[in-house]
Amino acid sequence: GSVPAMRRVRVCDDADGTSPAVPMGGTARVEVEFELDRPLADATLGVVVKDAYYAPIFGINNKVTPCPPQPGPLTAGTVVCRLPRLPLMP
């Protein structure tokens, strides 16, 4: 079975790193903090963006998108996904 590892998830505007509102054409940042008892060789993060009706619009993960290599097995850390130039509508 799986072991819960996520400790916190935060979505914010990448421009200031604190605002939970992302403007039209802005860049969203998704941060997931994790912590485990045993080292994790490969942290994978997947994000799915849905519309107001909860229908998926697109998804992305660091298995298919180039990202910096993990420095080694980790027991804790933060995985960050940036979604640039989002075509959001009010």
Side-chain angles (χ1 to χ4, degrees):
S2 62
V3 176
M6 289 192 297
R7 298 297 180 234
R8 183 174 85 123
V9 176
R10 186 169 80 110
V11 179
C12 62
D13 180 12
D14 193 53
D16 67 11
T18 60
S19 175
V22 179
M24 292 187 309
T27 297
R29 183 168 68 211
V30 180
E31 301 174 355
V32 177
E33 291 180 12
F34 66 92
E35 186 176 357
L36 294 159
D37 293 333
R38 294 174 299 178
L40 181 66
D42 185 23
T44 302
L45 174 64
V47 175
V48 176
V49 175
K50 298 180 179 182
D51 65 13
Y53 301 102
Y54 302 102
I57 299 171
F58 69 89
I60 189 167
N61 67 61
N62 62 335
K63 289 292 188 189
V64 298
T65 302
C67 63
Q70 185 172 312
L74 303 171
T75 56
T78 303
V79 181
V80 177
C81 175
R82 294 178 68 248
L83 303 168
R85 300 176 305 281
L86 287 174
L88 302 173
M89 298 297 290

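Each residue takes its place number in the sequence, starting with 1. Quantities reported herein were computed from a predicted structural model and do not represent experimental measurements.
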Worksheet entry | Exercise: identify the closest heavy-atom pair between Ala28 and Leu86 | CB-CD1, 3.6 Å
Discussion item. Restricting to non-hydrogen atoms, name the atom on Ala5 and the atom on Leu36 that form the minimum distance, rounded to 0.1 Å.
Written reply: CB-CD2, 3.4 Å
Practice prompt. Identify the heavy atoms of Thr18 and Asp16 that sit nearest to each other, and give their distance.
Written response: N-OD1, 2.9 Å
Worksheet item: Shortest non-hydrogen contact from Ala21 to Asp13?
Response: O-CB, 3.4 Å
Worksheet item: Once you round to the nearest 0.5 Å, how far does CD1 of Ile57 lie from NZ of Lys50?
Response: 10.5 Å
Worksheet, complete the sentence: Taken in chain and number order and not counting sequence neighbours, the residues that satisfy side-chain hydrogen bond (donor to acceptor under 3.5 Å, both in side chains) with Asp14 are Arg29, Arg82
Discussion item. Please determine whether residues Phe58 and Val47 belong to a single hydrophobic cluster, defined as Ile, Leu, Val, Met, Phe, Trp and Tyr linked transitively by side-chain heavy-atom distances below 4.5 Å.
Written reply: yes
Practice prompt. Using atom types as modelled and distance alone, determine if a side-chain donor or acceptor of Glu31 lies under 3.5 Å from a backbone N or O of Thr78.
Written response: no
Worksheet item: Between Asn62 (side chain) and Ala43 (backbone), is there a donor-acceptor pair under 3.5 Å?
Response: yes
Response to the item:
Tightest non-hydrogen contact, residues Pro39 and Pro73, listed as CB-CB, 3.6 Å
Worksheet item: If Ile, Leu, Val, Met, Phe, Trp and Tyr residues are connected whenever their side-chain heavy atoms lie under 4.5 Å apart, and connections chain through other members, are Val80 and Val11 in the same group?
Response: no
Worksheet entry | Nearest-0.5 Å distance, OG1 of residue Thr27 to CG of residue Leu83 | 8.5 Å
